[in-house]
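Read the structure below first, then the notes.
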Amino acid sequence: MPTASPARRTIAVMLLIPAVAALALWAFAWPAARTAPHDLPIGVAGPAAAAAPLEERFEHRQGAFEVHRYDDEAAARVAIEDRAVYGAVAMTPAGPKVLTASAASPVVAQLLKESVTAGAPPGTRVAVEDVVATPAGDPRGSAPASSVLPLALAGVTAGAMVTGLGLRGARSVLALTGAAVLVGVTATALTHSWLGVLAGNWWAEAGAFTLATLAVGATVAGLAALLGPPGFGLGALLIVLLGNPFSGVATAPELLPEPAGLIGQWLPPGAGGSLLRSVAYFDGHGAGAAALTLSLWAALGMAAVLTGGRRRTAAPAVAATRPVGPAAAG
């Protein structure tokens, strides 16, 4: 196969790097510059006569909020704890009461509080209660968001090492799985046991870290096994340049411009962040979709690794059976 001339390779580098930079700037800057609620699920609780005006005010911002109606404050609390809504406003005899969940999203909790306070009549006292708060060791709730990029880099590195070291078949699967398990245990020991920024079941958190890392590592290794070196670049691009900024873990997927938030939840970083929040703060509620998404990425990636490994093993065997020299000429 002819090799590109040095001049063409120079031009390729000059054009490719600005294109990658433009893509990265778009992927990171666009969601940050267009942060606003899009079908953000919130609740309104209380007697119909008192709650109806508040519900209409939220619905007046067309497309911003997805309002769920609850009979009383207790039902709204259950919905928040089940991750059905990010927060709720309960109409009580003493006035509106904002129920937030900073563990789900500190940004949404602040947004809901400010929205209700700004719309309340002058002199009205608005009570605020954080139903599911972040641990004392992480008052700003930054731990899940801070975990997304390290897990993505760990998975990409695992996939790259499996590919670079030439591991195939069962050995590649074992290496990816073993690395992911050790990442999960190590990450949980650091975030839960040492820093105290996670407050869920220790082994459930370790499982979330493991599954997120395995999904990324298997995806990168699988693409590389099927496509060669371009597959590694495609995997890194998909995970780091799209999955990370579209994850919505720092804010909420519903605060990203459409369809970035939805795409982010289909990719391993976004699904991993959602799964970690569910097991760390909400006793696993709302974890099903994220766990299924990560499992699918991991399974498809492993299948690609095994399929690509068989192809590469079969190629030398076929070549070895071909006659060479005079026999080949005959």
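Numbering of residues begins at 1 and proceeds along the displayed sequence.
To the nearest 0.5 angstrom, Thr92 atom OG1 is 7.0 Å from Lys97 atom NZ. The CG atom of Asn244 sits 10.5 Å away from the CG atom of Leu151 when rounded to the nearest 0.5 Å. Taking CH2 from Trp202 and NE2 from His192, the interatomic distance works out to 8.5 Å, rounded to the nearest 0.5 Å. Here the straight-line distance linking atom CG of Asp283 with atom CD of Glu81 works out to 8.5 Å at 0.5 Å rounding. Between atom CG of residue Leu54 and atom OG of residue Ser115 there is a gap of 8.0 Å, rounded to the nearest 0.5 Å. A distance of 7.5 Å separates OG1 in Thr100 from CG in Leu112, rounded to the nearest 0.5 Å.
In this structure, Glu73 pairs ionically with Arg77, as a charged nitrogen and a carboxylate oxygen lie closer than 4.0 Å.
Thr35 places a side-chain N or O within donor-acceptor distance of the main-chain N or O of Ala32, the cut-off being under 3.5 Å. Thr177 contributes no side-chain N or O that, together with a main-chain N or O of Leu174, makes up a donor-acceptor pair within less than 3.5 Å. Side-chain N or O atoms of His38 include one that pairs as donor or acceptor with a backbone N or O of Leu256 at under 3.5 Å. Without hydrogens or angle criteria, Arg277 side chain to Ala103 main chain gives a donor-acceptor distance under 3.5 Å.
Side-chain atoms of Val44 and Phe65, non-hydrogen and from C-beta on, never get closer than 4.5 Å to each other. Put simply, the side chain of Tyr70 reaches to within 4.5 Å of the side chain of Val85, judged on heavy atoms. Within the 4.5 Å cutoff, the side chain of Leu237 has heavy atoms near those of the Leu23 side chain. You'll find the side chain of Phe209 reaches within 4.5 Å of the side chain of Thr191, heavy atoms only. Counting heavy atoms from C-beta on, the side chains of His285 and Ser278 never come closer than 4.5 Å. The side-chain heavy atoms of Leu255 and Leu111, taken from C-beta on, include a pair separated by under 4.5 Å. Residues Phe232 and Thr163 form no side-chain contact, since every pair of their non-hydrogen atoms from C-beta on lies 4.5 Å or further apart. Using a 4.5 Å heavy-atom threshold, the side chains of Val216 and Trp297 count as separate.
Among Asp138, Leu190, Leu276, Thr188, the one residue that satisfies the side-chain contact (heavy atoms from CB on, under 4.5 Å) test with Leu198 is Leu276.
Within a 6.0 Å radius of CG in Asp39, more than 12 heavy atoms belonging to other residues, nucleotides or ligands are found. At most 12 non-hydrogen atoms from other residues, nucleotides or ligands lie less than 6.0 angstrom from CZ of Arg171.
The nearest pair of heavy atoms linking Asp130 to Ser102 is OD2-OG, 2.5 Å. When all heavy atoms of Tyr281 and Ala143 are compared, the pair lying nearest together is OH-CB, 4.2 Å.
Between the side chains of Glu66 and His68, a donor-acceptor pair is found at a separation under 3.5 Å. Using modelled atom types, one finds no donor on one side chain facing an acceptor on the other under 3.5 Å when comparing Arg140 with Thr134. Between the side chains of Thr293 and Gln265, no donor-acceptor pair of N or O atoms lies under 3.5 Å.
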Original post:
Does the side chain to side chain contact (heavy atoms under 4.5 Å, CB included) test come out yes or no for Val279 and Asn201, once each step is laid out?
Top reply: CA-CA 7 Å; Val279 300; Asn201 178 273; over 6 Å; no
